[in-house]
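Worksheet: the structure to be examined is printed underneath.
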Number of protein chains: 2
Amino acid sequence: MLLLKDLPSTNSLLKLVARYPDADVNAIQEFATILSVTSDLSVALDKLLNDHGLMQGRWWILVLLLREDNLTSSPSALAEKIGVTKATMTGFIDGLQREGLVSRLTHDEDGRKLQIKLTSLGEEKLDEVVPDYYRKVGALMSVLTEAQRATIIETMKILGTNIDAMK
Amino acid sequence: MLLLKDLPSTNSLLKLVARYPDADVNAIQEFATILSVTSDLSVALDKLLNDHGLMQGRWWILVLLLREDNLTSSPSALAEKIGVTKATMTGFIDGLQREGLVSRLTHDEDGRKLQIKLTSLGEEKLDEVVPDYYRKVGALMSVLTEAQRATIIETMKILGTNIDAMK
DNA sequence: CCCCTATAGTTAGGGCCCAAACAAGATTAT
DNA sequence: ATAATCTTGTTTGGGCCCTAACTATAGGGG
């Protein structure tokens with residue numbers, strides 16, 4: 001996603017307001033703060049996964065496959081759930097297959113479809129990474145009180161349902 | 001950043017807990033929600049910028065340059081502030097220069113350094129995009145009350161200062 | 001049966017982003 | 001003054017992610 005380590009100071013924002021008078025300085029600063037913090041969260045997650053030789057795209061595929069009854073799903077379904085295009089999913093599966101974490105199986109009834117199956121090596125990888133992931137996410141969130149956690153989720157969901165306001 | 005349109009249902013999380021008993025299900029679900037919503041925010045910002053032929057990396061460079069007194073900064077300083085590597089910055093500047101929005105000037109005293117300067121075309125581009133950006137970010141944030149805005153920022157900052165908990 | 005359309009997956013080409021290796025100029029130590 | 005070191009910026013090669021165009025299979029209507 002993005003970045004911006006150096007959040008705009010109020011002073012430099014005032015300069016921008018002088019140039020663009022209609023700006024809601026607080027809103028901009030708040031928006032930038034949210035993006036900046038979550039960018040850092042995403043980077044921290046990347047590091048965690050990287051320690052296990054994974055990256056976010058590949059990670060979510062493994063987790064989704066583990067949820068399936070027979071550890072199997074289709075590229076299209078995975079792409080839909082993760083929110084990437086089918087083309088991107090092809091690349092992810094290429095990488096996972098290269099490392100032996102998933103396998104491509106043909107579909108018996110529909111010649112167009114593939115079945116992506118978590119291999120036993122993939123299961124082992126999850127058994128290695130998931131506890132670490134759970135422990136660290138738990139540690140992160142534990143710095144917030146129950147009330148703070150409930151409130152931030154509620155507020156984020158409100159923001160999420162109003163993203164159309166940016167269109 | 002990442003994705004995950006299809007947030008883990010509590011049911012499928014229970015299956016994970018059966019496999020990994022120590023997991024804090026709430027923490028995981030909350031973490032995923034935060035990442036998911038901000039991913040959507042980032043996508044919305046991408047769209048906004050894309051309407052003006054920009055992308056996030058290039059956008060922040062222009063904004064940072066506008067803040068400078070003489071509309072000038074160095075690649076290293078820009079990379080530092082935005083939070084990308086110098087190599088990435090080289091690519092960004094290549095693109096912006098190709099489009100005539102910034103120019104590379106040599107540094108008088110230090111032969112290693114460059115001065116990246118916002119061109120008049122770059123200023124015109126900002127005058128076109130910034131008001132739109134401000135208006136839409138303002139519209140997004142306006143769906144929250146003052147109290148909600150204050151609280152989410154405070155909570156985000158707490159999370160941000162405790163990212164080391166994930167290490 | 002054949003054509004038309006829809007769906008599943010891949011390929012090609014581009015921008016984003018990084019780490020590692022590099023070139024050139026500046027600084028410091030001896 | 002010269003060698004070692006640091007800093008600045010670029011290049012190279014890789015994974016991520018998209019859109020557009022493509023291939024192959026499936027399904028429906030004539």
Side-chain angles (χ1 to χ4, degrees), chain A residues 1-5 39-40 42-47 49-61 72-99 101-116, chain B residues 1-5 39-40 42-47 49-61 72-99 101-116:
Chain A
M1 69 176 287
L2 79 348
L3 6 262
L4 207 56
K5 283 257 166 300
S39 172
D40 290 344
S42 187
V43 168
L45 177 56
D46 285 338
K47 271 207 188 76
L49 295 177
N50 195 46
D51 289 344
H52 299 283
L54 287 175
M55 275 161 277
Q56 287 197 42
R58 299 179 184 186
W59 158 250
W60 292 118
I61 293 171
T72 300
S73 185
S74 73
S76 287
L78 291 170
E80 172 76 17
K81 286 178 183 170
I82 294 184
V84 299
T85 63
K86 291 182 299 171
T88 298
M89 186 53 56
T90 296
F92 284 165
I93 293 170
D94 285 347
L96 287 170
Q97 190 177 30
R98 207 180 308 126
E99 293 160 23
L101 303 178
V102 305
S103 53
R104 277 185 169 94
L105 307 175
T106 58
H107 194 284
D108 302 328
E109 293 147 23
D110 191 331
R112 296 167 302 180
K113 292 184 181 170
L114 288 180
Q115 294 177 282
I116 307 302
Chain B
M1 69 177 287
L2 79 352
L3 5 263
L4 207 56
K5 283 259 167 300
S39 171
D40 290 344
S42 185
V43 167
L45 177 55
D46 284 339
K47 273 208 186 78
L49 295 176
N50 195 47
D51 289 345
H52 299 283
L54 287 174
M55 276 160 278
Q56 287 196 42
R58 301 180 183 183
W59 159 249
W60 292 119
I61 294 172
T72 300
S73 185
S74 74
S76 286
L78 291 171
E80 173 77 16
K81 287 177 182 170
I82 294 186
V84 298
T85 63
K86 291 182 299 170
T88 298
M89 186 53 56
T90 296
F92 285 166
I93 292 170
D94 285 346
L96 287 169
Q97 190 178 30
R98 207 180 309 126
E99 293 161 22
L101 303 177
V102 306
S103 54
R104 276 184 170 93
L105 306 175
T106 59
H107 194 284
D108 302 329
E109 294 146 23
D110 192 330
R112 296 168 302 179
K113 293 184 181 170
L114 288 180
Q115 295 177 281
I116 306 302

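Here is the naming used below: chain letters follow the sequence lines, and residue numbers restart at 1 for every chain. Only heavy atoms go into these numbers, but all of them, side chains included; no hydrogens, no water, no symmetry mates.
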B/K113 vs B/Q115, side chain to side chain contact (heavy atoms under 4.5 Å, CB included): CA-CA, chis, key distance, verdict: CA-CA 7 Å; B/K113 293 184 181 170; B/Q115 295 177 281; over 6 Å; no

Within this structure, what is the CZ-to-P distance between B/R58 and C/dG15, rounded to whole angstrom? 7 Å

Which of D/dC16, D/dC17, C/dC17 is nearest the side chain of B/F92? It is C/dC17

If you take all heavy atoms of B/R104 and B/T90, which pair is closest and at what distance? NH2-O, 3.6 Å

Each nucleotide in nucleotides 2-10 of chain D should get exactly one letter: B, S or -. Can you fill that in based on protein heavy atoms under 4.0 Å? -----BBBB

Taking the side chain as everything from C-beta on, heavy atoms only, tell me whether A/T72 gets closer than 4.5 Å to A/L105. no

Separation of B/E99 atom CD from C/dG15 atom P, in whole Å? 9 Å

What is the separation between atom CH2 on A/W59 and atom C1' on D/dC16, rounded to the nearest whole Å? 18 Å

Spacing between A/H107 atom NE2 and C/dT7 atom P, to the nearest angstrom: 16 Å

Would you mind reporting whether B/Q56 and B/S42 have side-chain heavy atoms less than 4.5 Å apart? yes

Quick one: are B/M89 and B/I82 in side-chain contact, heavy atoms under 4.5 Å? yes

In whole angstroms, how far is the P atom of C/dT7 from the CD atom of A/E80? 13 Å

Can you name the salt bridge (charged side-chain N to carboxylate O under 4.0 Å, His left out) partners of B/D46, sequence neighbours left out? none

May I ask you to evaluate whether A/T85 reaches the phosphate of D/dC18, defined as a side-chain N or O under 4.0 Å from OP1 or OP2? yes

Nearest-Å distance, CG (A/L78) to P (C/dG9)? 9 Å

Between D/dC16 and A/T88, is there an OP1 or OP2 to side-chain N/O distance shorter than 4.0 Å? no

So, using salt bridge (charged side-chain N to carboxylate O under 4.0 Å, His left out) as the criterion, who are the partners of A/D51 when residues are at least two apart? none

Between C1' of C/dG9 and CD1 of A/I116, the distance in whole Å: 10 Å

Report the distance from atom CZ of A/R98 to atom P of D/dG14, rounded to the nearest whole Å. 11 Å

